[in-house]
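Heads up, the thing below is written out as structure tokens.
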Amino acid sequence: MLLTLGIFFVSGKAAFAKDQTYTQPFQNQTVTLSGNAVQTNMYFVKMGYWNVKQATLNLNFQVSQLSDKQISDITVSVNNVKFYSFRPKRVSGIQTKKINIPTRLLSGENNIEVSGQILNKGGHKNYQLAQTPANWLTIYKNANINFKYQLVPPTKSVKSFYGHFTGADTIVNRNAVITTPSQPTNNELAAGMYALCGQSRIITTETDQIPVTTFNDSQAKKAAYQVVIATYDHLPANIKKMVAKNDVANQAVIKTHDTKTKHLLIVTAKNGALLKKAAKYIANQELMKETSQATKVITQDTPTYTSVLQYDGSAQLTKQDSQIVGANHQEQAYFVSLPVDRDNADGSEVRLHFRYAKNLNFKRSMVTVLINNRPIGSKKLTAKHANDDELTVKFPAGQSLGNEFTVRVAFDLDIDDQSKANNNQTPWATVSSNSKAIIKSQPKNSLLFSNYPGVFIKNQTFDNLMVVRPKTMTGPDFQTLSNIFNLIGNYAQSNTGKVTFVGHRPSRDQLKRSSVIAFGAPKQNPFIKSLNPQLYFQFGNHFSSLVSNEKLSIEHQYGKTVGTAQLLRSLFNKRRALLVITGATPTAAVLGSTQLNFQKNIEMYRNQDGLLVDPDNNHFSYRFKKQAAIEPGKTVQQRFSQNSRILIYLAVALLFLIIIGIAIVALLRKNGLLNRKGEQNE
């Protein structure tokens with residue numbers, strides 16, 4: 001969770017002169033490192049508009065109770081520069097260490113390396129260098145970096161506004177917001193969602209998001225950085241005068257404007273088509289970072305598409321050669337991510353290229369590849385191939401890893417001289433940047449939350465998505481919409497897909513061609529009202545309360561307050577998904593969306609397709625579909641493919657039995673045994 005410590009926005013130039021503090025946690029989970037020489041890496045980001053006064057590493061760790069605190073040591077380095085070493089205290093529990101990082105070592109993206117030697121007690125004067133499971137260091141996930149800094153004011157350029165707007169501290173402090181008219185048109189809503197998705201795909205926080213709301217929202221008025229999206233005629237009067245009418249005659253405009261207390265990015269056009277085009281421009285991180293002028297003109301011919309390489313079936317393990325130093329067991333982990341709508345299939349493999357020192361004991365040195373901590377292949381190291389070695393290992397057949405998994409490369413670098421502490425620069429191993437995971441993949445074939453939001457994404461962009469909105473938008477409806485597209489935007493890596501908003505019941509042809517999300521209360525959304533007989537959680541006769549079903553008893557007053565999210569098979573196209581987020585009131589409907597806004601929330605409902613949330617934050621989730629596969633025939637085919645090797649073995653065994661049977665019959669006939677038996681019976 002990202003936390004802020006004492007960050008307050010102050011109006012005008014004083015805000016930029018005042019010292020701010022911000023605490024950035026590491027994305028790493030709790031990790032335990034074994035071996036007398038241990039090493040792990042963690043990453044953090046420094047915003048480009050920070051003038052950092054002080055950066056403090058807060059490390060929470062624990063070492064083996066058997067370790068000798070007099071000779072065990074831990075060293076910290078930033079961006080490959082060592083700057084601090086210390087010995088653990090003589091305690092057995094969790095220890096906390098505050099370490100000031102030299103600000104001169106910081107860059108935009110930073111790597112913290114924690115390395116050391118954890119040595120066991122071995123007598124009065126000796127220490128035990130033999131590697132055992134008792135040599136361990138655990139670094140807990142609540143380790144973080146605390147920054148003390150001053151803000152550098154934004155310039156008038158679009159890229160400067162964009163840098164501040166998307167900054168982690170800006171978002172955590174709710175100083176970034178996207179605003180639209182109080183009753184936006186369908187095109188204005190679509191433009192707002194394009195803009196939100198463009199920001200959410202680059203946001204790293206797991207607990208905060210940029211809201212889309214109205215010009216008049218009280219929280220929006222407090223935000224220091226606002227993206228204002230509306231057609232020209234719908235702009236507030238005070239903002240409309242900032243853009244000349246002639247400037248939007250046949251084009252859209254993206255323009256920065258600063259007041260004493262606010263920084264605005266105005267996105268406007270005469271018509272909805274050009275407005276959506278401009279919104280796609282600000283959803284493109286590369287273009288926004290390159291726009292140095294204060295005003296950018298967008299026409300229908302302006303290229304706005306995101307330059308995302310299509311997934312080619314391979315994932316580079318590391319962009320730069322990955323260095324490992326120190327004797328005995330050393331590991332390096334690499335995170336592999338597939339498009340959210342795909343899963344790994346049989347035939348995947350890891351192709352590892354590496355080199356290592358020649359001073360090893362090659363009788364005991366080896367490399368092992370693990371997938372999610374499960375070993376899948378090993379190889380002994382040799383002096384002959386030390387300068388250029390490789391290992392190819394297959395993934396286990398029939399094992400689904402989802403679209404995210406970890407490849408770990410473990411080296412056992414044994415040396416002959418074990419009489420000295422071994423946390424030095426030799427021996428070493430290097431994993432080359434041309435190491436890859438070659439992933440055979442297949443589309444996910446499930447209409448459960450385990451495949452959300454993948455069911456609405458294809459080729460890393462929106463899969464012809466239609467959103468059925470309430471006729472009249474309320475504040476809670478904007479909250480619901482922000483929650484929905486915050487998570488979808490995390491996975492829509494390209495802005496080339498299509499999102500269409502409608503405020504009425506769509507035609508049957510539209511529903512047949514689209515994946516559909518419907519949200520809001522049924523009294524404000526007639527489409528949801530028409531779907532009531534097909535819902536897992538249905539409304540009573542007057543649509544004022546949800547009613548009991550076979551999974552959950554719902555008291556009448558309670559049913560007025562709860563919200564649901566239901567992932568249905570589309571009634572209009574069995575290969576499409578229909579997500580309904582609803583409740584008796586718009587406020588109740590928001591509750592259903594609160595479990596779809598961040599990945600950590602949706603992971604709790606992987607094998608479910610319906611969930612209910614009440615005002616006390618109690619969650620209930622259920623599986624309603626008997627057949628969850630999008631294409632049932634494909635599931636049978638996949639099972640056949642996964643078990644094909646067993647079927648081949650059975651077929652070969654059956655063939656051998658037939659051959660043996662034929663041989664026995666032929667042998668009996670040759671010796672006349674079958675004829676003699678017949679004569680005896682006569």
Side-chain angles (χ1 to χ4, degrees), residues 180 183-198 200 212 229 271-273 275-277 279-280 283 340-341 443-444 447 449 451-473 477-478 480-492 494-522 524-532 534-535 564-582 586 589 592-593 596-597 609 630:
T180 71
Q183 292 305 318
T185 65
N186 291 326
N187 284 329
E188 287 169 335
L189 271 181
M193 292 309 108
Y194 281 126
L196 173 61
C197 290
S200 62
V212 177
I229 297 179
N271 60 65
L275 185 68
K276 288 190 292 186
K277 182 82 171 179
K280 287 189 174 184
V340 69
D341 59 325
K444 286 188 176 179
L447 273 174
F449 285 127
N451 194 16
Y452 179 83
V455 287
F456 298 109
I457 292 174
K458 186 176 182 180
N459 296 326
Q460 302 186 70
T461 193
F462 307 113
D463 186 17
N464 199 27
L465 177 59
M466 175 175 288
V467 183
V468 186
R469 48 166 280 192
K471 285 182 176 180
T472 302
M473 293 286 290
D477 291 322
F478 279 99
T480 299
L481 199 54
S482 296
N483 285 336
I484 294 170
F485 277 88
N486 182 69
L487 181 58
I488 293 179
N490 286 165
Y491 295 99
S494 171
N495 64 0
T496 57
K498 183 179 180 182
V499 178
T500 304
F501 277 77
V502 295
H504 54 79
R505 179 182 171 86
S507 69
R508 194 170 189 86
D509 184 59
Q510 286 177 307
L511 292 167
K512 187 175 181 180
R513 291 183 284 107
S514 307
S515 297
V516 180
I517 297 176
F519 72 96
Q524 282 76 38
N525 192 324
F527 180 61
I528 292 180
K529 186 180 291 188
S530 70
L531 292 173
N532 194 47
Q534 282 76 40
L535 296 180
T564 73
Q566 307 175 47
L567 188 59
L568 311 170
R569 192 184 305 277
S570 175
L571 308 175
F572 315 96
N573 184 338
K574 292 183 178 180
R575 296 185 179 183
R576 292 279 189 175
L578 170 60
L579 175 65
V580 179
I581 300 175
T582 190
S593 70
L596 307 181
N597 53 356
D609 52 15
I630 299 173

**Item:** Euclidean distance, Ile581 CD1 relative to Asn483 CG, rounded to 0.5 Å
**Value:** 8.0 Å

**Item:** Chi angles and distances behind the side-chain contact (heavy atoms from CB on, under 4.5 Å) call for Leu531, Leu578
**Value:** CA-CA 10 Å; Leu531 292 173; Leu578 170 60; 3.9 Å; yes

**Asked** So which heavy atom on Pro453 is nearest to which on Tyr491, and how close?
**Response** CG-CD1, 3.6 Å

**Request:** Give, for atom CE of Met466 and atom CG of Asn186, the distance between the pair rounded to the nearest 0.5 Å.
**Result:** 10.0 Å

**Request:** Taking the side chain as every heavy atom from C-beta outward, state whether Glu188 and Leu275 have any atom pair closer than 4.5 Å.
**Result:** yes

**All pairs passing salt bridge (Lys or Arg N to Asp or Glu O under 4.0 Å) where residues 506-520 contributes a residue, at least two apart** = Asp509-Arg513

**Asked** When rounded to the nearest 0.5 angstrom, what is the spacing between CZ in Phe478 and CG in Leu189?
**Response** 5.5 Å

**Asked** What heavy-atom pair brings Asn525 and Val468 nearest, and what distance separates the two atoms?
**Response** ND2-O, 3.1 Å

**Request:** For residues Ile528 and Thr582, determine if any side-chain heavy atom of one lies less than 4.5 Å from a side-chain heavy atom of the other.
**Result:** yes

**Prompt:** So, does Ser482 use its side chain to make a donor-acceptor pair with the main chain of Val212 at under 3.5 Å?
**Reply:** yes

**Request:** Say whether, by atom type as modelled, one donor and one acceptor occur between the side chain of Asn490 and the main chain of Ser200 under 3.5 angstrom.
**Result:** yes

**Request:** Would you please test Asn451 and Ile630 for side-chain contact (heavy atoms from CB on, under 4.5 Å) and show each step?
**Result:** CA-CA 11 Å; Asn451 194 16; Ile630 299 173; 4.2 Å; yes

**Message:** Does any part of the side chain of Tyr452, heavy atoms only, come nearer than 4.5 Å to the side chain of Ile488, both counted from C-beta?
**Reply:** yes

**Item:** Over all atoms of both residues, closest heavy-atom pair of Arg469 and Lys471
**Value:** NH2-O, 3.3 Å

**Request:** Could you please spell out the steps behind the side-chain contact (heavy atoms from CB on, under 4.5 Å) verdict for Phe462 and Thr500?
**Result:** CA-CA 10 Å; Phe462 307 113; Thr500 304; over 6 Å; no

**Message:** Using modelled atom types and a 3.5 Å cut-off, is there a donor and acceptor pairing between side-chain atoms of Gln183 and backbone atoms of Met473?
**Reply:** yes

**Request:** Say whether, by atom type as modelled, one donor and one acceptor occur between the side chain of Thr461 and the main chain of Ser494 under 3.5 angstrom.
**Result:** yes

**Prompt:** Can you find a pair of side-chain heavy atoms, one from Asp609 and one from Leu447, that are under 4.5 Å apart?
**Reply:** no

**Request:** Give a yes or no answer on whether the side chain of Ser514 reaches the backbone of Val516 with a donor-acceptor pair at less than 3.5 Å.
**Result:** no

**Asked** Do Phe527 and Leu511 touch side chain to side chain, with heavy atoms closer than 4.5 Å?
**Response** yes

**Prompt:** Which pair of non-hydrogen atoms, one from Ala565 and one from Leu596, has the smallest distance, and what is that distance?
**Reply:** CB-CD1, 3.9 Å

**Step-by-step side-chain contact (heavy atoms from CB on, under 4.5 Å) determination, Phe501 to Leu481** = CA-CA 11 Å; Phe501 277 77; Leu481 199 54; 3.9 Å; yes

**Request:** State which residues pass salt bridge (Lys or Arg N to Asp or Glu O under 4.0 Å) with Asp463; sequence neighbours excluded, sorted by chain then number.
**Result:** Arg576

**Complete:** Minimal heavy-atom distance between Lys276 and Ala190, with the atoms involved, is CD-CB, 3.8 Å

**Complete:** Distance col, row Ser593:OG vs Ile517:CD1, nearest 0.5 angstrom, shows 11.5 Å

**Message:** Quick check for you: to the nearest 0.5 Å, what is the distance between Gln534 atom CD and Leu571 atom CG?
**Reply:** 5.0 Å

**Request:** Find the distance between CG (Asn495) and OH (Tyr194) and round it off to the nearest 0.5 Å.
**Result:** 8.5 Å

**Prompt:** If you look at every heavy atom in Gly520 and Pro470, which pair is closest and at what distance?
**Reply:** CA-CG, 4.1 Å

